[in-house]
**Student:** 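Pasting a structure here, questions to come.
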Protein chains: 2
Amino acid sequence: METLLPKFDSVFSIDCVIFGFDDGELKILLIERNKEPFKDWWALPGYIVEQDESIDHAAERILYELTGLRDIYMDQFYTFGDVNRHPQGRVITVAYYAMIRLNGNKELRPISNYVSKAVWTSVNDLPKLAFDHEKIFSRGFEKIRNKISYQPIAFELLPEKFTLTQLQQLYEVILSKKLDKRNFRKKMLNYGILKELDEKQKGVSYRAAKLYKFDKRKYSKLFQKELTFGK
Amino acid sequence: METLLPKFDSVFSIDCVIFGFDDGELKILLIERNKEPFKDWWALPGYIVEQDESIDHAAERILYELTGLRDIYMDQFYTFGDVNRHPQGRVITVAYYAMIRLNGNKELRPISNYVSKAVWTSVNDLPKLAFDHEKIFSRGFEKIRNKISYQPIAFELLPEKFTLTQLQQLYEVILSKKLDKRNFRKKMLNYGILKELDEKQKGVSYRAAKLYKFDKRKYSKLFQKELTFGK
DNA sequence: TTACTTAGTGTAAAATATACACACTATATT
DNA sequence: AATATAGTGTGTATATTTTACACTAAGTAA
């Protein structure tokens, strides 16, 4: 590499806002830091981008090293570049988000000793976070709240088979708003992206609900049309 | 500053996709580079972020130095972080966009000798661009195309007083789609964010159209409600 | 006065969104 | 066996929004 570019005493980092849904609660993944600064504080999983890796790659690697989660597809949503966001120098961070299924048991096993543990925490019950991570989280939450209003992304958070009530609860949590059951069902079923299964919920002490699956094929078709303004 | 953070032989940069609308055409601002690499190539206005300035600030400064445009409010839309996007080293760039009024005469007077000139170029007639700037432009265009579908941002591109036909043309250009005049007018007027003026177009060799103004107050109110899902 | 060019307008049909309440069913409890 | 409990599942009328579609009015230029 030539050196026409000025050197720059700064680093890029990645921070991840990973959403999960469990127990009727929307959660995000937090780590407990094991290093200064902010040792023993809670923080979003985040670390420094290596010199020779793309930021997308860095995001995947860092999430894996800090939480043990692999093969999570993330999208970037904002880059935070204020001068004093990190106490030790100039750090610009690209924030990524993802929504994943918790299947009851996504194991969290940090590889790096940079963190002492990783846990799922309800977004309604977040501790104080290191750095400007509260700001980053808020923007990530805003992002999915917006997105869910025009794309049915909620499925990514649910188990493969889910009931309409679960789906509705998830919408309600993300939108912070009660929805009408009949209208919600009508709307969702009208999208035509749900496949009704021949199965019912099990282990509940009341009438069991039908299970549904998300139909990816039809979903992609739906998104050809998108965007208002007919003619 | 302490030095616990690793040094990193890399730079942050900013690239700007600045949209304007003139003559029924959607344009963006390009510079001709006066320095290697890509000397004499066309490129998006972009340069390196200083150590002690926020990226938002850098965006403003860089746009000014490279094109002479001041006080343009920009939003970031994506960060490009592939490893080999710059031939001289690792450069991660935060891309910003803005939509501005051309008022016929936004003067372009580059301050920096890093560029030899700056010009407005129709998006339908772009030359080959330096670095990965074509990719950056595409994503920026996609961004405003999406955005205009749910937010009436088009006003930012028009002169203060405009006709409904001009507004419609702009929508058509951004959406690459013909729209129906009656439906378009109905919809726009229904938003209630246009103020009809007591003035007409001048200097046209046909029936002059009424002029309208964009009503910012009402616009913000409209955006309280936003987001579907009634109850 | 005529020809030309763009402005400006209405309506019916279809699709979508909203508001709203009660009976059904599976299980657990007595 | 009877009952309580808790969540499932459904229909309809109304309002709103979206779509398709074509002609007349106004101003200018010759």
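A, B, ... follow the sequence lines: proteins, then strands. Residue 1 opens every chain.
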**Student:** Which is more 5' along DNA chain C, the nucleotide nearest B:Gln201 or the one nearest A:Lys200? Just name the residue.
**Tutor:**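 Counting from the 5' end, the first nearest nucleotide belongs to B:Gln201.
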**Student:** Does a nitrogen or oxygen in the side chain of A:Thr165 sit under 4.0 Å from OP1 or OP2 of D:dG7?
**Tutor:**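 No.
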**Student:** Between atom CG in A:Asp180 and atom P in D:dG11, what is the gap in whole Å?
**Tutor:**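 Atom CG in A:Asp180 sits about 15 Å away from atom P in D:dG11.
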**Student:** Just the rounded figure in Å: distance from C1' of C:dA15 to OH of A:Tyr191.
**Tutor:**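 Computing the A:Tyr191:OH to C:dA15:C1' distance gives 14 Å.
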**Student:** Less than 4.0 angstrom between a side-chain N/O of A:Arg185 and OP1 or OP2 of D:dT10, yes or no?
**Tutor:**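 No, because none of the side-chain N or O atoms of A:Arg185 sits under 4.0 Å from OP1 or OP2 of D:dT10.
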**Student:** Rounded to whole Å, please give me the gap between CG in B:Leu189 and C1' in C:dG10.
**Tutor:**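 Going from B:Leu189 (CG) to C:dG10 (C1'), I get 14 Å.
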**Student:** Which residues satisfy the side-chain hydrogen bond (donor to acceptor under 3.5 Å, both in side chains) test with A:Asp82, sequence neighbours excluded?
**Tutor:**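 Not a single residue meets the side-chain hydrogen bond (donor to acceptor under 3.5 Å, both in side chains) criterion with A:Asp82.
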**Student:** Considering residues at least two apart in sequence or located in another chain, which fulfil the ring pair (Phe, Tyr, Trp, His ring centres under 6.0 Å) criterion with A:Phe162?
**Tutor:**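 Applying ring pair (Phe, Tyr, Trp, His ring centres under 6.0 Å) to A:Phe162 gives A:Phe155.
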**Student:** Taking only nitrogen or oxygen atoms into account, show me every contact under 3.5 Å that the protein makes with nucleotides 28-30 of chain D, one pair per line with its distance.
**Tutor:**
none

**Student:** Would you please name every residue forming a ring pair (Phe, Tyr, Trp, His ring centres under 6.0 Å) with A:Tyr78, sequence neighbours left out?
**Tutor:**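 Partners of A:Tyr78 by the ring pair (Phe, Tyr, Trp, His ring centres under 6.0 Å) criterion, ordered by chain and then number, come out as A:Phe80.
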**Student:** Listed by chain and number, what are the salt bridge (Lys or Arg N to Asp or Glu O under 4.0 Å) partners of B:Arg109, not counting sequence neighbours?
**Tutor:**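 Here the qualifying residues are B:Glu107.
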**Student:** Check every atom of D:dC21, C:dG8, C:dA17 against the side chain of B:Arg182 and return the nucleotide holding the closest atom.
**Tutor:**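 For B:Arg182, the side-chain atoms sit closest to D:dC21.
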**Student:** Using the test ring pair (Phe, Tyr, Trp, His ring centres under 6.0 Å), find all partners of A:Phe131 that sit at least two apart in sequence or belong to another chain.
**Tutor:**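 Partners of A:Phe131 under the ring pair (Phe, Tyr, Trp, His ring centres under 6.0 Å) test: A:Phe38, A:His86, A:His133.
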**Student:** Provide, to the nearest angstrom, the distance between the NZ atom belonging to A:Lys181 and the C1' atom belonging to C:dA23.
**Tutor:**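 One finds 12 Å between C1' of C:dA23 and NZ of A:Lys181, rounded.
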**Student:** Taking for each residue the nucleotide of DNA chain D bearing the nearest heavy atom, is the 5' side occupied by A:Lys186 or by A:Lys210?
**Tutor:**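 It is A:Lys210, whose closest nucleotide lies nearer the 5' terminus.
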**Student:** What I want to find out is whether A:Glu156 reaches A:Arg101 closely enough, with some N-O distance under 4.0 Å, to be called a salt bridge.
**Tutor:**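 Between A:Arg101 and A:Glu156 there is no salt bridge, as every charged N stays at least 4.0 Å from the carboxylate O atoms.
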**Student:** Given atom CG of B:Leu164 and atom P of C:dG8, what is their separation to the nearest angstrom?
**Tutor:**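 After rounding, the gap between these two atoms is 7 Å.
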**Student:** Measure CZ/A:Phe184 against C1'/D:dG11 and give the value in whole Å, please.
**Tutor:**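 Rounded to the whole Å, the gap is 19 Å.
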**Student:** For B:Glu199, which of B:Lys161, B:Lys210, B:Lys213 qualifies under salt bridge (Lys or Arg N to Asp or Glu O under 4.0 Å)?
**Tutor:**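 Considering B:Lys161, B:Lys210, B:Lys213, a salt bridge (Lys or Arg N to Asp or Glu O under 4.0 Å) with B:Glu199 is found only for B:Lys161.
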